[in-house]
Structures are given as structure tokens and as C-alpha cells.
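Every chain is numbered from 1 and lettered A, B, ... according to where its sequence line falls, protein lines coming before strand lines. Remember, it's a predicted structure, so these values are computed and weren't measured experimentally.
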Amino acid sequence: MDTKSEKTSLNFIQSIIEEDLRNNKNDSKVHTRFPPEPNGYLHIGHAKSICLNFGIAKKYNGLCNLRFDDTNPNKEDVEYVDSIKEDVKWLGFDWGDRMYYASDYFDKLYNYAIQLIKLGKAYVCDLSAEEISQYRGTPQKPGKESPYRNRSIEENLDLFQRMRAGEFKDGTKILRAKIDMSSPNMHMRDPAIYRIRRMSHHRTGDKWCIYPMYDFAHCVSDSIENITHSICTLEFEVHRPLYDWFLNELNIFHPQQIEFARLNLSYTVMSKRKLMELVEENYVSGWDDPRMPTISGLRRRGYTPESIRNFADTIGVAKRDGIIDVALLEHSLREDLNKKANRVMCVLNPLKVIIDNYPEGQTEELDAVNNPEDASKGTRKIKFSKVIYIERDDFREEAPRKFFRLKPGKEVRLRYAYFIKCVDVVKDPNTGEITELHCTYDPESKGGKSPDGRKVKGTIHWVSAEDSFNIEVRLYDRLFTVENPLAQDKDFKKYLNKDSIKILKNCLAESSLKDVKAGEKFQFERLGYFCVDKDSDNENIVFNRALPLRDSWAKIENKIKKL
RNA sequence: UGUCCGAUGGUGUAACUGGCAACACGUUUGAUUUUGGUUCAAAAGAGUCCAGGUUCGAGCCCUGGUCGGACAACCA
């Protein structure tokens, strides 16, 4: 039992870390960070990064900081920092007392910039944004040097201080690193370090009118926090030479940047910009719309932190980018909720059933199991009566042989109750729609077993007219109709699924559900997993369907249809 | 006509210093079942982008291609 340790294969980041540990690099310490920009809500892709960074810290007895990369007051807002904190916490991670902001380091950053100037490695440039862009060249063509590139250190120092003092208009001057305008790497062609931006910052207010750029702020912040492994996504790979350059020139602690492939999920989009577009143009109700791949959306939909963490574990980490099948995410939720969610009976599309031979006015209580996967959850009583409702889908006038549910003249089991047989079908004379069914029940079959050992293939769920109440149920489907909405062209919104939400107002739930609270999750027997939505009030309880149950009948039926 | 990165069943990830390509999801089949759920058992499905080379032996190493992605904000 001792040496049976499961063969853990390391991902490439863990391999790097273990190699570093073997070499006693960084005094054998591991310190990571999760560095979101507070300019939007976190999504499942961030969850991957959070699980990675906090997970690695935990695995190697290290620490992981939460750091807001808030160097652009133009886009950032406290609303977002609050939601980010909530989401990280909800996912189950703890940054302890190490919550930082890049803006905490504005003074230090400023001084490092001055140091760079003194080293002759940075200069103030008067070129306009357009000119800079022209001077930069293209990936194929080298750029040319700015006419301001060779200002003296004294002049640069003076100018930079005056930039800070607010002597120049926005956009008229910029501090640039002096590297190499002919570098094959565009990021090395004298990148911007500081820009003038008269805008109040959500934390530093109006203290600054110059703000540092990402490339400068990020590596220095990592260094200040003694981050050993600075893990980020692939698009920053080209930035790494610059990351290293700043740290080398400044000669300060040098974290190692490691890039991995960001998460893509099928049938959705995963960039803050595009999600923001869906929110702002009202394609969804907000960042936490249950159809959104945001953490808050998934939470509202009914996802659990465990299922998301487990998902992150399963998908692994690598440098190749691809698209993960949502089915994998869904599987991890089903796996989790199957163990945890109590079962209840609800009818989404009710069809009235009258049990002709059941005594008028009589009711009786039956025992129902709360969770067959967990005996400690016990049982509850449900009430049976003469009039009940079943799912419209569970009755077919003309049914294929493999249809095990209710059909004329045939018997079916009502879960936990009785066998019933359909004796009559009543229809609306005008529309032909079935309005009610008449059935008879076998009093001997109470609890769902018949003493004569008669077998009934189908078991269906139901609620009694006596003891049920009206609920609203929202059914969700994938947000997009195609696996990769970005594959063909940029116009991803034309692949939006018009049927991604279906609202059912006339659903019936067993009365045990009367006192539920937002966020509670249940399995509606035979239907799926459902979560109480925050839109619920005393008048109207709203359930979101997180996920339907796996449905092998649907597969059979599809096959029949094809024949 | 640049630099960097990547390429393993349908999808994602493995294969420790070269040694019978494995796991999960998905798919299919069967068993069990008072949820057409769960569970259990089994099967199909790649010979590792291509071409050479090194080697007794290559998914792993070397060379050259091909294909895909990233990079030209005073965004992060």
C-alpha cells in the first residue's frame, strides 16, 4: 500500500520547478502569483490559471499572491476587483495577507525608471503615437531610431521629472527603453515604459499623471514580490526577452517567466473583450448570466468549485493550444453533483392525470430517498392523491416499441408510488391537444412493487395536485451554435444560439422545495441538475438547469427517427 | 518575406535518462437498476505532421520541409 503511489506525471511547468528545486535555485522556494487586470470578470480560462498558480504553490509548499495588474486607469474599476476577489475565494483559494496591486509599486516603479535613465537605457521621446508606430517598422522591416533617442541623461531626467510633475499634455511625451530598433522582436524596438495620462486611478486617485506600461510594471512587480515562477499565457512568449531585459538592466531579483496555452472551450468565446461585448450589447443579461463562461456565470448556473477545480486538473497544462470539449466540463459537474445533490421530483411540462379508481379526497404519504449515492441524506415523505401531474414527454399515444413510459392501455410505475395504467386520453376538441389522462392504479403496488412480481419497464416521476406548487425553470443550451465561433471570421456573434435560453413558467415542484435558498442545488429526478437562481422571491422560485442528466433514451429515439 | 512557439485516437493530456503508445472525456455493446441517472464489464478508435539520418531499437535525438498559432496599443 505504501509504494503504490499513483504515477503522477508532471506537467512541463512542474518539471521545470522540480529541476529548479534540485538545483536549489531560489533557495528551493516556490512563489507564484495570479495577476489579473481588474477590467472585467474572471472566466473559466482564468480558473485554469488560478488552479495552476495556487495549485503549484500548494504542491511545492510555496505561496501564491493575488496581484491586481492595475496600470491602466482607463479600463479598470473597483467593481472588477471585488468580483475577482470573490471568484478566487469561491474557487477555494486563499492568498492570505498577500493581496497586492501593481499600483502599490508606483513609487518604486518610478524610481526604477529613473535608474534606467541614469543607466542610459531609457529616454524621453517626443514623437506622436502615430510617428512612433511608423518608426517602429514591421516584423519584416527594421524600424528606425527616434530623433530624440540620444538626449543626454540629464535632459532625460529633467524631462521625465517634468512629465511626472504634469508639465506636458497627455500623449506629447513618453518614456522609452533604449534597446534596438532593428530587433526582429517588435517588443524590443524601444518599447514604451511610461505614458502621460491625466486620469484618476481607482486606488491612487490623482496622485499620478504618468502610468507605467505592462511590460515594465509586470516584471518589476514580480521581482518586488520575489516571485520565483511567473506563469502566464502563450501570447506573452514574445515579451519574455523584454521581461528579462528590464530585470537584467536593473539588476534586481529575476523571476522566470513560463508560458502555457490558454484554455479554449468549445461552443463559447473566452476573451474578456468579447464577453464584454455580449454583456454590453445585451446578448446576455450580465457577466453572471448562466450561459456565460465566467466564473460568476458558472456559479449561478449551478457549477461547484470542486467541479471546476477537478476540470482544471483533468485538462492539464501544455504549450499547444486547442479547444477543450465542453462535455469534459459538464462531466466534472455531473460527477460532483451526482454525489452531492439531493433528488426531488418536479414536472417541467405538466400533463394532468386522474386516477379514476383512487378514492376522492384521499391522500397518503410515501417514502422517497433523498440521495441514492449517500444514505446519510435519509428519506422524505411525498404526498400522493387522485390527481397528479406527469411530464408531457412521458406519455405517447403512439409509441415506438422501445418507449418504456406511459401509453394507452399500458402500465408504468410512478416513482415511489403505484403502478398505473392509462385507460383514456382526453383532448381539446379544437386543437387536438391532450388535456388530461385517465388512469387506474393497482392498490397492491404501493411503493412501486407488485406482490405478483409483475414487471414494469418504465418508472416516471410525478407530483400530486395536492402537494405541489408552481415554479419557474430556465433551461440553458450552449451560447453558440458552432464549436469555434472564431474559426471562420471575426463576426462571432452571428453564431449565437437563439435558443440558448428557454423559460418555463408553469412547472410544478414537490412541496419540499418551498423553502429553498439561492444557490441550492438539486437533481430533479430523470431531468437534470438544477440550481436556485438569485431571481427567486417568495412569490416565484426560479431554478436554473445547470445540466440535463445523460439521456440514453434521446439517443435511442434519434436512432429510431433516422430509420 | 522576419522572430518566437507548437504538432501524439474525435477532444484534451501522458509515455521518467531512446525500450510493446497510456489515461480521461466522448462513442458503441452488454449487465445491474423503482432515475432510460449512477455503477459495473467490454469494444472500437492513433502507430505519434512529412522526408531523411543516428541507433539493435526513435513519439522522444539530428537535418530539412509542411501545417498551425503568436508578435507591428502611449492595452494587459
Side-chain angles (χ1 to χ4, degrees), chain A residues 7 9-11 15 35-37 39 69-72 74-76 102 125 127-129 132-134 136-143 170-176 183-189 191-197 210-211 213-215 217-218 232-241 259 261 263 266 272-273 313-332 334-335 338-339 343 345 369 372-373 402-405 413-417 447-449 456-461 483 523-528 548-557:
Chain A
K7 240 210 256 165
S9 54
L10 304 177
N11 63 47
S15 305
E37 181 188 14
N39 68 342
D69 221 329
D70 56 349
T71 56
N72 184 2
N74 195 258
K75 299 191 186 170
E76 295 148 9
C125 181
L127 255 23
S128 69
I132 286 183
S133 158
Q134 279 163 17
R136 182 149 30 228
T138 70
Q140 286 82 8
K141 258 202 300 217
D170 286 17
T172 55
K173 284 189 168 38
I174 193 175
L175 184 70
R176 293 229 250 169
S183 168
N185 183 334
M186 298 294 286
H187 297 279
M188 301 299 273
R189 324 244 260 228
I193 303 179
Y194 263 94
R195 75 283 216 186
I196 305 173
R197 184 105 95 206
I210 58 171
Y211 292 96
M213 303 291 295
Y214 165 84
D215 285 304
H218 200 88
C232 62
T233 45
L234 247 33
E235 67 270 26
F236 292 102
E237 211 157 20
V238 231
H239 293 242
R240 192 172 60 226
E259 310 86 9
L263 168 67
S266 57
K272 277 196 250 182
R273 209 206 90 233
D313 270 1
T314 316
I315 59 175
V317 182
K319 295 192 71 159
R320 155 177 44 165
D321 51 1
I323 301 181
I324 306 255
D325 193 342
V326 264
L328 198 52
L329 215 210
E330 297 175 343
H331 166 79
S332 59
R334 288 201 183 95
E335 189 180 42
N338 177 49
K339 292 179 304 198
R343 319 280 124 131
M345 291 203 284
V369 174
E373 307 294 319
K402 289 197 172 169
F403 186 81
F404 299 151
R405 288 112 99 143
R413 171 167 37 235
L414 293 176
R415 178 136 236 232
Y416 300 126
K449 284 187 275 278
V456 181
K457 270 226 179 94
T459 300
I460 63 175
H461 59 100
E483 261 186 61
Q523 184 197 101
F524 289 4
E525 294 225 24
R526 303 210 304 133
L527 297 175
L549 253 27
R550 290 182 69 207
D551 187 354
S552 49
W553 163 243
K555 284 177 195 165
I556 294 168
E557 198 178 25

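Put simply, A/Arg415 has no side-chain N or O that comes within less than 4.0 Å of OP1 or OP2 on B/G36. Dashed line: the shortest gap from a side-chain N or O of A/Arg273 to OP1 or OP2 of B/A76 is not under 4.0 Å. At least one side-chain nitrogen or oxygen of A/Lys555 sits closer than 4.0 Å to the OP1 or OP2 atom of B/U28. In terms of phosphate contacts, A/Arg136 brings a side-chain nitrogen or oxygen within less than 4.0 Å of OP1 or OP2 of B/C74. For B/U3, the OP1/OP2 oxygens have no side-chain nitrogen or oxygen of A/Ser183 closer than 4.0 Å.
Checking B/C25, B/A72, B/G12 against every side-chain atom of A/Leu328, the shortest atom distance belongs to B/C25. Set against B/U28, B/A76, B/G26, the side chain of A/Thr71 has B/A76 as its closest nucleotide. Here the side chain of A/Met213 is nearest to one of B/C75, B/A14, B/U3, namely B/C75. Distances from the side chain of A/His331 to the nucleotides B/G26, B/A76, B/G36 place B/G26 closest. For A/Arg197, the side-chain atoms get nearest to B/C74 when compared with the rest of B/U1, B/G26, B/C74. Counting only heavy atoms from C-beta on, A/Ala192 has its side chain closest to B/C74 among B/C74, B/G12, B/U35. When each of B/A76, B/G12, B/G37 is scored by its nearest atom to the side-chain atoms of A/His239, the top-ranked nucleotide is B/A76. For A/Val238, the listed nucleotide lying nearest its side chain is B/A70; candidates were B/U11, B/A70, B/U35. Distance from the side chain of A/Glu237 is smallest for B/C5 among the nucleotides B/C5, B/U38, B/G26. Comparing B/G69, B/G6, B/A70 by their closest approach to the side chain of A/Lys319 singles out B/G6.
Between A/Tyr214 and A/His239, the ring planes are perpendicular. Angles over 60° get that label, and only those under 30° would be called parallel. Taking the six-membered ring for Trp and thresholds of 30 and 60 degrees, A/Phe403 and A/Trp553 have ring planes more than 60 degrees apart, a perpendicular arrangement.
Rounded to whole Å, atom P of B/A72 lies 11 Å from atom CG of A/Asp215. With rounding to whole Å, A/Asp313 atom CG is found 15 Å from B/C25 atom C1'. When the P atom of B/G26 is taken as reference, atom CD of A/Glu330 falls 10 Å away, rounded to whole Å. A/Asn74 places its CG atom 12 Å from the C1' atom of B/A76, with the value rounded to the nearest Å. A/Lys75 has its NZ atom 8 Å from the P atom of B/C75, to the nearest Å. Rounded to whole angstrom, the span from the CD1 atom of A/Ile174 across to the P atom of B/C75 amounts to 8 Å. Atom CD1 of A/Ile210 and atom C1' of B/C74 are 12 Å apart (whole Å). Note: CZ (A/Arg176) to P (B/A73) measures 12 Å, nearest angstrom.
Separating the C1' atom of B/C4 from that of B/A46 is a span of 29 Å, rounded to the nearest Å. For the C1' atoms, the distance linking B/G2 with B/G57 amounts to 40 Å, nearest Å. Of the C1' atoms belonging to B/U32 and B/U38, the separation is 11 Å, rounded to the nearest Å.
Glycosidic conformation of B/G47 is syn; the angle stays within 90° of 0. The glycosidic torsion of B/A46 lies more than 90° away from 0, which places this base in the anti conformation.
Taking 3.5 Å as the limit, the base of B/G36 and the side chain of A/Arg550 contain no donor-acceptor pair of atoms between them. Scanning atom types as modelled, no donor and acceptor separated by under 3.5 angstrom connect the side chain of A/Glu483 and the base of B/G10. Under 3.5 Å, the side chain of A/Gln140 and the base of B/U3 form no donor-acceptor pair of N or O atoms.
Residue ring and nucleobase are not stacked for A/Tyr214 and B/A76 under a centre distance beneath 5.5 angstrom and an angle between planes beneath 30°.
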Can you check side-chain contact (heavy atoms from CB on, under 4.5 Å) on A/Arg195 and A/Asn72, steps first, answer last?
CA-CA 10 Å; A/Arg195 75 283 216 186; A/Asn72 184 2; 3.6 Å; yes

Show your working on side-chain contact (heavy atoms from CB on, under 4.5 Å) between A/Leu549 and A/Gln523 and close with a plain yes or no.
CA-CA 9 Å; A/Leu549 253 27; A/Gln523 184 197 101; 3.9 Å; yes

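Within 4.0 Å of A/Phe524, counting heavy atoms only, lies no atom of the nucleic acid at all. Using a 4.0 Å heavy-atom criterion, one finds that A/Glu373 contacts the bases of the nucleic acid, with or without backbone contacts as well. A/Val369 comes within contact range of no nucleotide atom at all, as no heavy-atom separation falls under 4.0 Å. Within 4.0 Å (heavy atoms only), A/Lys272 reaches no atom of the nucleic acid at all.
Using the Watson-Crick or G-U wobble rule with both distances under 3.5 Å, B/A72 pairs with nothing in any strand shown. Figure legend. B/G6 is base-paired to B/C67; pairs are counted as Watson-Crick or G-U wobble with both atom distances under 3.5 Å. In this structure, B/C61 and B/G53 make a Watson-Crick or G-U wobble pair, each of the two defining distances being under 3.5 angstrom. If you check B/C23 for Watson-Crick or wobble pairing at under 3.5 angstrom, you find it paired to B/G12.
Nearest-nucleotide positions on RNA chain B for A/Ala318 and A/Glu76 put A/Ala318 closer to the 5' end. Comparing A/Phe404 and A/Asp325 by the nucleotide of RNA chain B whose heavy atom lies nearest to each, the residue mapping closer to the 5' end is A/Asp325.
Contact record, A/Asp69 with A/Glu76: O-OE2, 3.5 Å, taken as the closest heavy-atom pair. Between A/Met188 and A/Ser183, the closest heavy-atom pair is CB-OG, 3.4 Å.
Taking the side chain as every heavy atom from C-beta outward, A/Ile196 and A/Ile174 never approach each other to under 4.5 Å. Side-chain atoms of A/Thr71 and A/His218, non-hydrogen and from C-beta on, never get closer than 4.5 Å to each other.
Under the 4.0 Å criterion applied to side-chain N and carboxylate O atoms, A/Glu37 and A/Lys272 are not assigned as salt-bridge partners.
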